[in-house]
Amino acid sequence: MIVRSFKDIEGTDRHVKAASGTWESKRLVLAKEKVGFSLHETTLYAGTETSMWYANHIEAVVCIEGEAELTNDETGEKHTITPGVMYLLNGHEKHTMRIKEDFRCLCVFNPPVTGREDHDENGVYPLLTEED
């Protein structure tokens, strides 16, 4: 059994801050736990825009706090994401998040991330494993 708090993670290698400066993430469960998924609390900052494409992962996101506009970059479809709203990137959709107010969410990734990932120039997380 693992019990871990956000406070436990602050300032550790599980507290990841994007090179872009647009988000930070506290990685509660990572690939090294070997449970088939990773679980993160991520905060995207108000006034920022982040384009992403999880070509190697499926991601489910539940908004806990804040507001963002989610755009499916492939179709142009836009959605307002507020507390209690979930979105699932089950088709590896290229998407952009425009953050209206600090946006805090819980994210689940499959396959799990290692904690070392950051978006590349295409918005993609590389597919890393614990052996890398």
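FYI, side chains are in, hydrogens and waters are out, and symmetry mates aren't considered; it's all heavy atoms of this structure. Bear in mind the structure is a predicted one, so any value in this text is a computation, not a measurement.
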So, does [X] use its side chain to make a donor-acceptor pair with the main chain of [Y] at under 3.5 Å?
{"X": "E24", "Y": "T43", "answer": "no"}
{"X": "S25", "Y": "R27", "answer": "no"}
{"X": "E33", "Y": "L30", "answer": "yes"}

In the structure I gave you, are the side-chain heavy atoms of [X] and [Y] within less than 4.5 Å of one another anywhere?
{"X": "T42", "Y": "F103", "answer": "no"}
{"X": "L88", "Y": "I58", "answer": "yes"}
{"X": "H40", "Y": "V16", "answer": "no"}

Rounded to the nearest 0.5 Å, how far does [atom2] of [Y] lie from [atom1] of [X]?
{"X": "N56", "Y": "N110", "atom1": "CG", "atom2": "CG", "result": "12.0 Å"}
{"X": "E69", "Y": "E49", "atom1": "CD", "atom2": "CD", "result": "9.0 Å"}
{"X": "T48", "Y": "D102", "atom1": "OG1", "atom2": "CG", "result": "8.5 Å"}
{"X": "C105", "Y": "M97", "atom1": "SG", "atom2": "CE", "result": "6.5 Å"}
{"X": "F109", "Y": "F37", "atom1": "CZ", "atom2": "CZ", "result": "13.5 Å"}
{"X": "E67", "Y": "R98", "atom1": "CD", "atom2": "CZ", "result": "13.5 Å"}

Passing candidate, side chain to side chain donor-acceptor pair (under 3.5 Å) with T96, options D73, T71, N72: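 That would be D73.
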
Would [X] and [Y] show up in the same hydrophobic cluster when neighbours are defined by side-chain heavy atoms closer than 4.5 Å?
{"X": "W23", "Y": "F6", "result": "no"}
{"X": "I9", "Y": "V108", "result": "yes"}
{"X": "L44", "Y": "V62", "result": "no"}
{"X": "M86", "Y": "M52", "result": "no"}
{"X": "L39", "Y": "V61", "result": "no"}

For residues 55-66, which residue pairs qualify under salt bridge (charged side-chain N to carboxylate O under 4.0 Å, His left out), counting only residues two or more places apart or in two chains?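 Output for this query lists E65-R104.
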
How far apart are the closest heavy atoms of K26 and E10, and which atoms are they?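 Heavy-atom minimum between the residues: NZ-OE2, 3.3 Å.
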
Minimum heavy-atom distance between G66 and P83, given as atom pair plus value: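 Smallest interatomic distance, heavy atoms only, reads O-CD, 3.2 Å.
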
Scan residues 76-96 for pairs that pass ring pair (Phe, Tyr, Trp, His ring centres under 6.0 Å), counting only residues two or more places apart or in two chains.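 Matches after skipping sequence neighbours: Y54-H95.
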
